[in-house]
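Beneath this line is the structure, given in structure tokens, with notes to follow.
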Amino acid sequence: MSFDYDLFVIGGGSGGVRAARVAAQEGVKVALAEEDRYGGTCVIRGCVPKKLMVFASEYARLGEDARAYGWTFGEIAFDWPHFRGKLHAELDRLEGIYRNILASNGVQTYDQRARLADPHTVELADGTRKTARHILIATGGRPVLPGLPGDELGITSDDVFHLDKLPGSILIVGGGYIASEFAGILNGLGVAVTQYYRGAQILRGFDDEARGLVCEEMCQNGIDVHLGTTVMEMHKDGDGVRVKATNGTERRFDKVLFATGRVPNTDGLGLAELGIDLGRKGEVIVDAYSQTSVPSVHAVGDVTDRVNLTPVAIREGMAFVETVFRGNPTPVDHALIPTAIFTQPEMGTVGLSEEEAREIEPVEVYCNSFRPMQTSFAGRDDRVLMKLVVSRATRKVLGCHIVAPGAGEMIQLAGIAVKMGATKEDFDRTVAVHPTMSEELVTMKSPVRTA
Ligand code: NDP
């Protein structure tokens with residue numbers, strides 16, 4: 001049977017574009033459909049604009065610290081429209097690069113929504129049908145509102161980058177990556193930030209000691225964090241929103257940002273109709289090779305709700321091409337993925353938290369929390385944390401947790417050692433780089449506790 005294409009990719013984000021490009025470079029005929037902007041969540045409304053906002057938000061403190069170091073300059077003020085204009089120009093540039101990658105590799109693109117009509121047929125929004133030997137679903141995810149009275153008055157992370165002006169005050173609901181990162185960003189930009197999280201500590205699932213320090217430092221930086229608290233209902237109040245909370249309070253905020261999770265984009269794709277297995281959140285169920293229950297259909301990235309991170313989607317896309325077009329079955333390795341949370345202070349982590357590790361085997365914990373030289377000299381009380389969780393039986397470092405400026409950069413490198421199976425003694429054999437914060441990772445002599 002002949003097909004229009006060897007591969008039809010639905011979704012032009014990180015995973016879809018990488019798979020399309022690498023497959024096209026193998027000489028196969030590839031098409032890709034994208035209904036929105038190329039680059040997907042990461043480039044258009046996620047990692048990239050978020051990180052640029054983190055940079056923007058850090059200058060206020062840096063300015064204050066510079067004075068402590070002897071610099072003098074006039075009043076510093078943040079101009080949101082100036083920054084937002086530059087931000088969107090940069091996103092336009094990046095989107096152009098993504099489009100160009102596809103065009104220069106001979107991938108046929110369709111700027112419209114697509115759905116599956118049968119296991120080998122894609123139907124585009126204009127009614128055109130295209131057949132393909134393989135179909136790859138890479139449609140990503142989107143933020144969801146929690147479904148409480150008045151929540152339509154709130155915004156999500158997608159909207160933050162488009163605000164006409166920065167609000168005077170904001171309530172951020174949630175305690176995950178997105179809520180905690182935006183709390184730091186908006187606080188740094190001068191917005192009065194309140195954060196409600198329903199659980200006992202933000203960043204659930206990460207090492208307790210590390211997330212405890214992040215939360216403490218966020219509070220010290222001026223964020224008003226309320227734990228064990230969430231929204232009951234919301235009402236319009238002039239230009240703002242009146243919020244009734246579970247802690248019995250009623251307060252007015254200029255804006256409310258819901259960062260209460262994301263769901264996979266599978267609505268209206270025709271997947272269930274084809275008998276493709278979906279999970280409880282609507283995620284596409286795949287095997288280790290990203291294959292769905294219909295053999296000609298694969299799925300990668302956030303739409304599968306495995307590990308929702310850009311580099312993981314990219315890996316999944318490449319493993320898919322390796323498996324399907326290079327005849328080399330390659331499962332995706334989801335073990336020991338280093339990751340950073342761009343809170344202020346940043347957190348970098350790889351491997352098991354202390355709590356997870358001690359459920360599995362006896363461990364030693366090496367940990368040091370201290371005031372780093374740079375901010376301490378400027379008169380700040382900021383603390384950082386360096387922590388290793390070590391197996392007592394094998395001496396392997398099972399987990400490494402860093403809370404510090406630049407923790408994302410540090411954990412990328414520590415992640416190599418942990419992925420290679422380095423022991424505590426391997427860390428200790430490495431000479432310290434002095435004076436740095438991360439030298440603590442190779443100089444912690446005695447465990448602070450065993451468990
Ligand atoms: P998360 O699932 O990480 O966090 C959602 C938060 O909202 C949790 O604190 C959750 O509480 C809370 N919540 C969920 N439902 C409700 C509700 N009905 N009422 C009140 N609170 C609620 O989602 P995010 O949106 O923050 O991030 C999504 C994913 O995106 C992350 O898991 C991550 O994979 C990725 N990401 C990665 C980044 C990075 O690498 N730096 C940055 C941003 C996102 P509870 O803990 O109790 O469930």
Side-chain angles (χ1 to χ4, degrees), residues 13-15 40-55 140-151 154-161 171-185 194-206 208 210-211 214-215 218 225-234 243-247 256-265 280-281 283 301-316 334 337-350 402-403 407-409 411-412 415:
S14 304
T41 298
C42 173
V43 175
I44 303 298
R45 59 192 86 84
C47 323
V48 171
K50 179 277 304 285
K51 188 87 190 269
L52 288 167
M53 282 187 78
V54 170
F55 291 142
R142 64 178 189 282
V144 271
L145 296 174
L148 52 85
D151 69 2
I155 61 171
T156 69
S157 56
D158 286 358
D159 305 311
V160 174
F161 312 111
L171 169 67
I172 299 182
V173 186
Y177 278 78
I178 297 180
S180 306
E181 291 182 341
F182 276 110
I185 289 169
T194 304
Q195 185 177 358
Y196 287 174
Y197 173 51
R198 64 184 178 182
Q201 184 54 279
I202 61 166
L203 300 172
R204 181 167 63 80
F206 292 99
D208 277 357
R211 63 201 182 113
V214 170
C215 187
M218 283 169 61
V225 182
H226 294 257
L227 301 172
T229 304
T230 195
V231 175
M232 274 169 66
E233 56 181 68
M234 314 202 313
V243 177
K244 264 194 191 168
T246 51
N247 62 2
V256 177
L257 167 64
F258 284 105
T260 46
R262 299 175 59 88
V263 290
N265 279 328
R280 216 163 51 89
K281 283 170 76 179
E283 72 275 21
D302 288 6
V303 76
T304 63
D305 198 27
R306 288 177 280 181
V307 180
N308 298 333
L309 298 171
T310 299
V312 176
I314 289 172
R315 288 284 170 114
E316 290 169 355
H334 287 114
I337 296 170
T339 180
I341 302 124
F342 294 98
T343 40
Q344 298 176 32
E346 236 168 84
M347 172 149 113
T349 176
V350 62
I402 302 174
V403 177
E409 303 289 346
I411 206 67
Q412 179 69 81

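From a predicted model like this one, the values you see are computed outputs, not experimental measurements. Side-chain atoms are counted along with the backbone in the values below, which use heavy atoms only and exclude waters and symmetry mates. Order of appearance sets the numbers: ligands from 1, and atoms from 1 within every ligand.
Counted within 6.0 Å of CZ on R262, heavy atoms from surrounding residues, nucleotides or ligands total more than 12; the atom is thus considered enclosed. Annotation for E233: atom CD counts as buried by contact number, over 12 foreign heavy atoms lying within 6.0 Å.
For atom 38 (C) of ligand 1, the closest non-hydrogen atom on the protein side is Y177 CD2, 3.0 Å. Atom 23 (O) of ligand 1 has as its closest protein heavy atom G261 CA, 3.6 Å. In terms of protein heavy-atom proximity, atom 3 (O) of ligand 1 is closest to G176 CA, 3.7 Å. The shortest contact between atom 43 (C) of ligand 1 and any protein heavy atom is with I178 CG1, 3.4 Å. Closest to atom 29 (C) of ligand 1 among all protein heavy atoms lies R262 CD, 4.3 Å. Protein heavy atom nearest atom 41 (N) of ligand 1, with residue, atom name and distance: A340 O, 2.8 Å. When only non-hydrogen protein atoms are considered, atom 9 (O) of ligand 1 lies nearest to G175 N, 2.8 Å. Here the protein heavy atom with the shortest distance to atom 10 (C) of ligand 1 is R198 NH2, 4.0 Å.
Of all atoms in ligand 1, listed by their number and element, those nearer than 4.0 Å to a heavy atom of P146 are 17 (C), 18 (N). The contact set between ligand 1 and N308, taken as ligand atoms under 4.0 Å from a residue heavy atom, comprises 33 (C), 34 (O), 35 (C). Close approach to L309 involves these atoms of ligand 1, each under 4.0 Å from a residue heavy atom: 34 (O), 37 (C), 40 (O). Proximity to K50 (heavy-atom distance under 4.0 Å) selects the following atoms of ligand 1: 41 (N), 42 (C). For ligand 1 and A259, the ligand atoms under 4.0 Å from any heavy atom of the residue are 5 (C), 6 (C), 7 (O).
T246 places a side-chain N or O within 3.5 Å of a backbone atom of T230 that can act as its donor or acceptor partner. A donor-acceptor pair under 3.5 Å is absent between the side-chain atoms of R204 and the main chain of G199, judged by distance alone. With T229 contributing its side chain and L227 its backbone, the two residues share a donor-acceptor pair below 3.5 Å.
Nearest heavy atom pair, residue M347 against residue A407, reads C-CB, 3.9 Å. Among all heavy-atom pairs drawn from A183 and Q195, the shortest one is CB-OE1, 3.6 Å.
Screening Q344, E346, E181 for a side chain to side chain contact (heavy atoms under 4.5 Å, CB included) involving V54 leaves a single residue, Q344.
Around atom 46 (O) of ligand 1, the closest heavy atom drawn from Y197, F182, F258 belongs to Y197. The residue among T260, D151, D302 with a heavy atom at the shortest distance from atom 15 (N) of ligand 1 is T260. The closest heavy-atom contact to atom 20 (C) of ligand 1, among the options I341, T230, D305, comes from T230. Nearest-residue assignment for atom 42 (C) of ligand 1 (options E346, K51, E181; heavy-atom criterion): E181.
At least one side-chain heavy atom of Y177 sits under 4.5 Å from a side-chain heavy atom of T339. Counting only heavy atoms from C-beta outward, the side chains of S180 and L203 approach each other to under 4.5 Å. Counting only heavy atoms from C-beta outward, the side chains of N247 and H226 approach each other to under 4.5 Å.
In L148, neither the side chain nor the backbone holds a heavy atom less than 4.0 Å from any atom of ligand 1.
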